[in-house]
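Below is one structure; the comments refer to it alone.
Just follow the structure's listing: the first ligand is 1, and inside any ligand the first atom is 1.
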Amino acid sequence: MSLTPVRRTLVPVAASALLLGLLAPGGATAEPSYDLYEITGVSTAEEIAASGVAIDHVGEDSVLVTGSVHDMAELDDLGYAAEPYAIPETLANPDPGYTTYPELLEIVDELVAANPDIAAKEVYGRSHEGQDLVAVKISDNVSVDEDQPEVLFTHSQHAREHLTVEMAIHLMRLFTDGYGEDERVTGLVDSREIWILPNVNPDGSEYDMAGDTWRDWRKNRQPDEGSSSIGTDLNRNWAYNWGCCNGSSGDPSSITYRGDSAESAPEVRAVADFVRSRVVDGEQQITSAIDFHTYSELILWPYGYTYDEVTDGMNREEYDTHRALGEYMAEANGYTPQQSSDLYVTDGSINDWLWADQSIVNYTYEMYPKSAGDGGFYPPSSVIERETARNEEAVLRLLDYADCPYRIIGEEEAYCS
Ligand code: 0X9
Ligand code: CA
Ligand code: ZN
């Protein structure tokens, strides 16, 4: 992984903050604003992540972070000099090639109407602002809860990671268009029950797209009691080892704020309830999952809260299964496979909860691009088709193994009989 930022058409920093819509008119901010910074001369993000900033990218000798002025002061105290980093001006405006939430809901309704035998929509909850949270089930006999291995795809926990919503749309079309056309896809749709949650943070996405410029928003849009700050980082709000290990912030103004308590974000509670609802006769039906993020082109597996491979609730075979399947998928899409804590420690992430609480073999995909110079969180929409199609084979490999992920290390007898 190397960081070679393309410093073409950089805009002055103050102007860039304005361009990104981070400063309110007159400079008064109702809530803290977050800016992009680069810290050079470091190659690990440990201490930096623990300070409460969000790590955007870990390069060979520099780290890109998003945080508030307050976060930066804390980093300064720790001895890290962060320099403002401006994204190319051409990438600062919302790109209409990305799908808005209302457009997504329309696409889902059309897709379900066109494929009523294999696709169904379920409203599994409401966002903080009251929007429908939707899941799409794809399987044969879709209206029946058959005894088939289930696979979960979650998208867009982080608002600004819009490419992940496009990934969901691509997958929904792959499974419905491919049904009856492509033998492998047909077999998988017939033998598995696929759940796609195409945008688990619609309030955040809408907010990020609603200005004249992208707003670089990460969290949901839930206010915090006793603070003027808005937003909980959904991927720090899950109910396993919540807030345990310096991998999140307790400060509501932080971009990695973990929330008041585990599952305090309605969006997290709703997904967690949905996953719990898939326990039938005491058995979790979902065997495997991917949570899509951007960016850096990585495939990450649990745990994120510790560097240990084998620890509480993760034995050697279980770890080796995660690694082997992660590496097998990475062969298909060219991403870098690693344990998530190798990137930096997080606590309260979906990965750790899905594994520790629900025994679901699961991954975070950090999609395109590899580096900030190719657009960071905001690559042009011209890359959508290529970068979503790129993950088809990797996703199909997960589905192939969904009957028993432990098969990949030859342990199906011990784990799946
Ligand atoms: O920090 C996150 O939540 C994810 N990265 S992102 O840039 N999309 O925000 C990574 C989550 C994976 N877990 C760990 N790296 N521990
Ligand atoms: Ca079925
Ligand atoms: Zn993310």
Side-chain angles (χ1 to χ4, degrees), residues 36 44-46 48-50 52-58 63-66 117-120 137-151 154-165 167 175 179 186-195 200-201 204-205 208 216-219 232-238 241 244-249 255-258 268 285 290-307 326 336 338-355 362-369 372 376-377:
L36 184 59
T44 63
E46 252 5 275
I48 298 172
V53 298
I55 308 289
D56 292 359
H57 186 71
V58 182
V63 172
L64 278 182
V65 303
T66 317
D117 296 338
I118 57 163
K137 179 186 175 187
I138 300 175
S139 186
D140 67 338
N141 308 312
V142 71
S143 58
V144 184
D145 184 6
E146 296 186 297
D147 188 12
Q148 294 170 329
E150 300 184 19
V151 179
T154 49
H155 302 254
S156 194
Q157 281 203 80
H158 291 144
R160 61 190 170 183
E161 299 170 12
H162 302 286
L163 188 58
T164 67
V165 173
M167 187 70 230
F175 299 133
Y179 193 71
T186 307
L188 289 169
V189 170
D190 281 342
S191 61
R192 277 96 178 94
E193 301 195 321
I194 301 164
W195 293 101
V200 303
N201 182 12
S205 302
D208 196 55
D216 216 15
W217 194 254
R218 171 180 172 95
K219 302 189 279 183
T232 292
D233 182 345
L234 299 186
N235 208 26
R236 300 293 183 275
N237 190 238
W238 295 81
N241 278 351
C244 71
C245 302
N246 266 323
S248 60
S249 174
I255 194 165
T256 56
Y257 177 51
R258 68 177 79 98
V268 169
Q285 303 298 294
I290 298 171
D291 184 43
F292 285 94
H293 289 252
T294 68
Y295 65 98
S296 289
E297 301 187 0
L298 305 170
I299 292 182
L300 308 172
W301 56 81
Y303 285 120
Y305 82 90
T306 173
Y307 298 119
T336 301
Q338 60 186 43
Q339 184 173 340
S340 53
S341 54
D342 289 349
L343 186 62
Y344 49 84
V345 166
T346 56
D347 44 49
S349 77
I350 190 174
N351 294 137
D352 290 3
W353 183 80
L354 284 176
W355 173 252
N362 80 97
Y363 300 88
T364 289
Y365 274 28
E366 295 278 9
M367 294 178 66
Y368 179 90
F377 293 110

Next item on the list: Take the Zn ion (ligand 3) as the vertex and measure to ND1 of H158 and OE1 of E161; round to 10°.
Entry: 120°

Next item on the list: Give a yes/no on ligand 1: does R218 have at least one heavy atom closer than 4.0 angstrom to it?
Entry: yes

Margin query: Could you identify the N, O or S atom of H293 positioned closest to the Zn ion (ligand 3)?
Written below: ND1

Next item on the list: Indicate whether any N or O donor in one side chain lies under 3.5 Å from an N or O acceptor in the other, for S139 and Q148.
Entry: yes

Next item on the list: Mind checking the CG-CD spacing from D145 to E193? Nearest 0.5 Å is all I need.
Entry: 5.5 Å

Next item on the list: Among all protein heavy atoms, pick out the one at the shortest distance from atom 16 (N) of ligand 1; state its residue, atom name and that distance to 0.1 Å.
Entry: T346 OG1, 2.8 Å

Check: Shortest non-hydrogen contact from M167 to M367?
Finding: SD-CE, 3.7 Å

Check: Under the side chain to side chain donor-acceptor pair (under 3.5 Å) criterion, do N362 and N351 qualify, and how do the steps go?
Finding: CA-CA 6 Å; N362 80 97; N351 294 137; 2.7 Å; yes

Margin query: Below a 4.0 angstrom heavy-atom separation, can you tell me which part of N235, side chain or backbone, both or neither, approaches ligand 1?
Written below: side chain

Checklist line | the Ca ion (ligand 2): angle it makes with O (D140) and OE1 (Q148), nearest 10 degrees | finding: 160°

Next item on the list: Find out whether D208 and H162 are in side-chain contact, i.e. whether some heavy atom of one side chain is under 4.5 Å from a heavy atom of the other.
Entry: yes

Check: Got a second to check how far D291's CG is from L234's CG, nearest 0.5 Å?
Finding: 10.0 Å

Check: Which of the atoms in ligand 1, numbered in the order shown and given with their element, are less than 4.0 Å from a heavy-atom of H293?
Finding: 8 (N)

Next item on the list: Output yes when a side-chain donor or acceptor of D347 lies under 3.5 Å from a complementary backbone atom of N241, and no otherwise.
Entry: no

Note to self: Under 4.0 Å, heavy-atom basis, I'd like to know which part of S340 is in contact with ligand 1: side chain, backbone, both or neither.
What the structure shows: both

Next item on the list: Identify the protein heavy atom lying closest to atom 10 (C) of ligand 1, giving its residue, its atom name and the separation to 0.1 Å.
Entry: E366 OE2, 3.2 Å

Checklist line | Proximal atoms of ligand 1 relative to I55 (non-hydrogen, under 4.0 Å) | finding: 7 (O)

Notebook entry, point to check: For ligand 1, which atoms, with element, lie under 4.0 Å from some heavy atom of Y344?
Noted result: 1 (O), 2 (C), 4 (C), 5 (N), 6 (S), 7 (O), 10 (C), 14 (C), 15 (N), 16 (N)

Next item on the list: Run the numbers on D233 and T256 for side chain to side chain donor-acceptor pair (under 3.5 Å), then give the verdict.
Entry: CA-CA 5 Å; D233 182 345; T256 56; 5.3 Å; no

Check: Which protein non-hydrogen atom lies closest to atom 12 (C) of ligand 1, naming both residue and atom, and how far is it?
Finding: L300 CD1, 3.7 Å

Check: Backbone or side chain, does any N or O of D56 fall under 3.5 Å from an N or O of ligand 1?
Finding: no

Next item on the list: Could you tell me which atoms of ligand 1, counted from 1 in the order shown, lie closer than 4.0 angstrom to a heavy atom of E161?
Entry: 6 (S), 8 (N), 9 (O)

Margin query: For Y363 and W301, take the angle between the two ring planes, folded into 0 to 90°, and tell me which bin it lands in: parallel under 30, tilted 30 to 60, perpendicular over 60.
Written below: perpendicular

Next item on the list: Taking atom types as modelled, find out whether W238 and Q157 have a side-chain donor-acceptor pair closer than 3.5 angstrom.
Entry: yes

Item checked: 3.0 Å cut-off met by an N, O or S atom of D190 to the Ca ion (ligand 2) -> no

Notebook entry, point to check: At a non-hydrogen distance cut-off of under 4.0 Å, which region of T294 contacts ligand 1 (side chain, backbone, both, or neither)?
Noted result: backbone

Next item on the list: Could you list the atoms of ligand 1 found under 4.0 angstrom from a heavy atom of G304?
Entry: 16 (N)

Note to self: For the 3.5 Å polar cut-off, considering only N or O atoms, please tell me whether S349 and ligand 1 meet it.
What the structure shows: no

Check: Which bit of R236 is near ligand 1, meaning a heavy atom under 4.0 Å away: side chain, backbone, both or neither?
Finding: side chain

Note to self: Report the atom name of the nearest N/O/S atom of E146 relative to the Ca ion (ligand 2).
What the structure shows: OE1

Next item on the list: Could you grab the distance from atom CG of D352 to atom OG of S341, nearest 0.5 Å is fine?
Entry: 8.5 Å

Notebook entry, point to check: Counting backbone and side-chain atoms alike, does S139 have an N/O/S atom under 3.0 Å from the Ca ion (ligand 2)?
Noted result: yes

Margin query: What I want to check is whether the side chains of S248 and R258 have a donor and an acceptor closer together than 3.5 Å.
Written below: yes

Item checked: Approximate separation, where rounding is to 0.5 Å, of D216 CG and F377 CZ -> 7.0 Å

Next item on the list: Starting from the Ca ion (ligand 2), look over the N/O/S atoms of E193 and name the nearest one.
Entry: OE2

